[in-house]
Amino acid sequence: MISFDTTEKTAFKLMEKAGIEIPDDYLAGIKVMANKEEGDLSSFVLGAMLENWEAAKEDRRPMCADTGLPRYYIKVGNEAKFEGGFVALERALREATARATQEIPLRPNRVHPLWRNEHNNNVGLNAPEVEWSFEPDADWIDITTVHKGGLFGTDYRMLFPGDGIDGIKRFFLDTIIAFGKRGLACQPAIVGIGLGGSKDTCMVLGKQAACLRTVGDKNPDPKIAELEAELKELGNKTGMGAMGFVGSSMVVDCHIEAGFTHTGGMPMSVHTFCLSSRRATARLHPDGSVEYRTDPQWFTPYSRRETVSW
Amino acid sequence: MVNLKTVHLTTPVSDEDLADLEPGNIVYLSGVIYTGREGVYQRVVGEGHPPPEGVMDLTNVNFHCSPAASVNDDGSYTIGAVTATASFRFAKWMKDWFQISGTKMIIGKGGMSKSDYEKLFVPQGAVYLSTVGYGTGALLGRGITKVRDVHWLDDLGIAQAMWVIEVENFGPLIVDGDIHGNSLFDANNREIAKGFAKLYEGLKKPALSRYGETDDRSDELI
Ligand code: SF4
């Protein structure tokens, strides 16, 4: 049985880690880009970011004052048991969010879209989001938090099969150029692309591709992996670097997730995970032990299955 | 590491200081700055309240920011990180705000349009500095030594209140708009736009267009 108390404490710790410690894979990716960058201004920006992440860790302060929208992705082992059930689990996550907002502090970003009122704790109507997935033959629960920043950098479009790879490339370029100018997307970004599915699935897959896969990870379908590499290269050829200054540092990695879609359509979404690519994961075991990591391991052979049965 | 010209300035900034700044210079500030954005502008420009007493005599540097701050039990304040907010939304208040406040330097995120600099900043002799990244919240947080005062906290809330902050070596900041109306972002945009035709070469258009679609990717969307 996984206890309520352990869950609340772990979720709080994840909030802190996500807000303060830049994940190693993203950091390594930016260092590679910084070495390659030839634009003076873009290069200066990357240097300042590297310094900023050091300062955040040293001082234990959030890397960016816009601490984004904290949210959770939960993967539940098929044999996992949780004290108080799923309702209690969701309460633990809400309690941890409210406490972290006050104690770290995170910026209380969450407000009602119309009335603009807030509870000063990042909790409210449909907030924080909790997304669920399952894993066979496991008795643990994985909690991942993402503090996704950015009002900019996301778009959706209904393409059609005849638009082909050209259509995908154009929409990809359109989105990163639109939001790369002046660095509105706070690039270099992990660009996540959702292809197919229903419209909502398309958005969800793209967001998860950006936020839940690490820099360097490839799609298991070799043809999709090739397209990922091609789009990454294309994105770094726009002439635009960090802050939209002349340079080559736009896309630190590109991840694509696909879903079966309507036979007449090819919907596509694009998402950018910014210079504060904040994510942290913990695995909670029934014996009370907790392991922390920065790779969410969200996409598994089970979650990507195409077959009727497993 | 690249060598960009780096300047250390103290507030209030003088006209001579500003005359020397060029797009692309890196600036670190020491002294006092105040935060002000739509809430403050609306209250002063829109509703006619005078700015809080004394602040505009103390400093002429306006930061478009809402800090990750919390109010402690003893009434003091903790500021963790600070990050600027996108400035282009505030252009409509700037003319009056400059007149009322005497502000000479705006610090924010992403600059304003070149025509805003020409119309609003040049007559005022003001410059625009952008934060860097834009995620350098921890570095900027380090540059804050003290919260001197906060005004209108009850009315406007943490994000919109006017925070008067003491800073030391606050930066890095990068000069976008100089006193002549030149813009670093604009110059870079124009340079990059030269490559767009080649980038899109051979990629056929999608079957279904969208409203408002432009094929001129040198257009800005702000
Ligand atoms: S997009 Fe990311 S780096 Fe930029 S201000 Fe928002 S959270 Fe910070």
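Just so it is clear: chains get the letters A, B, ... in the order the sequence lines come, proteins before strands, and each one is counted from 1. These numbers come from a predicted model, not from an experiment.
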Evaluate side chain to side chain contact (heavy atoms under 4.5 Å, CB included) for B:L184 paired with A:L41, printing each intermediate quantity in order. CA-CA 10 Å; B:L184 184 67; A:L41 294 163; 3.8 Å; yes

Keeping A:D40 on the side-chain end and B:N3 on the backbone end, is there a donor-acceptor pair under 3.5 Å?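 Checking the backbone N and O of B:N3 against the side chain of A:D40, no donor-acceptor pair under 3.5 Å is found.
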
Check for a donor-acceptor pair, side chain of A:K181 on one end and backbone N or O of B:D219 on the other, with a separation under 3.5 Å. yes

Is there side-chain contact between [X] and [Y], with heavy atoms separated by less than 4.5 Å?
X	Y	value
B:T136	A:E51	no
A:K237	B:K198	no
B:L208	A:M158	no

Kindly indicate, with the supporting measurements, whether the criterion side chain to side chain contact (heavy atoms under 4.5 Å, CB included) is fulfilled by B:K205 and A:D166. CA-CA 8 Å; B:K205 281 190 182 179; A:D166 273 8; over 6 Å; no

Could you point out which residue of A:L173, A:I168, A:I165 forms a side-chain contact (heavy atoms from CB on, under 4.5 Å) with B:L203?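 In the set A:L173, A:I168, A:I165, the residue that makes a side-chain contact (heavy atoms from CB on, under 4.5 Å) with B:L203 is A:L173.
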
How about [X]: does its [atom1] atom have over 12 heavy atoms from other parts shown lying under 6.0 Å from it?
X	atom1	result
A:E103	CD	yes
A:N117	CG	yes
B:D74	CG	yes
B:Q42	CD	yes
A:H262	NE2	no

Quick one: what part of [X] sits under 4.5 Å from any heavy atom of chain B, side chain, backbone, both or neither?
X	result
A:Q187	backbone
A:D174	both
A:F171	side chain
A:R60	neither
A:A178	both
A:T101	neither

So which heavy atom on [X] is nearest to which on [Y], and how close?
X	Y	answer
B:L199	A:I177	CD2-CD1, 4.0 Å
B:Y134	A:G183	CE1-O, 3.2 Å
A:A55	B:L139	CB-CD2, 3.9 Å
A:N52	B:G137	OD1-N, 3.5 Å
A:L275	B:G133	CD1-O, 3.0 Å
A:A48	B:P172	CB-CG, 4.1 Å

For each of [options], tally heavy-atom pairs with chain A at distances under 4.5 Å, and name the one with the top tally.
options	answer
B:T78, B:N189, B:D176	B:N189
B:I158, B:V132, B:D186, B:T85	B:V132
B:A138, B:A187, B:G171	B:A138

Report the C-alpha distance between B:S87 and A:R182 in whole Å, list the side-chain angles of each, state the deciding distance to 0.1 Å, and finish with yes or no for side chain to side chain contact (heavy atoms under 4.5 Å, CB included). CA-CA 11 Å; B:S87 298; A:R182 295 172 187 261; over 6 Å; no

So which residue, A:K57, A:E58, A:E54, ends up with the most heavy-atom pairs under 4.5 Å with chain B?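 Of the options given, most contacts go to A:E58.
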
Based on non-hydrogen pairs under 4.5 Å, which of A:G162, A:C186, A:G167, A:P108 is most in contact with chain B? A:C186

Just say parallel, tilted or perpendicular for the rings of A:F245 and B:F185, cut-offs at 30° and 60°. parallel

Kindly determine whether A:R170 and B:K204 satisfy side chain to side chain contact (heavy atoms under 4.5 Å, CB included), including the steps that lead there. CA-CA 8 Å; A:R170 280 185 78 105; B:K204 70 173 183 324; over 6 Å; no

Distance check, rounded to the nearest 0.5 Å: A:M243 atom CE versus B:K109 atom NZ?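 Rounded to the nearest 0.5 Å, the CE-NZ separation comes to 9.5 Å.
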
Side chain from CB out, backbone as N, CA, C, O: work out which of these in B:P206 comes under 4.5 Å of a heavy atom of chain A, or both, or neither. both

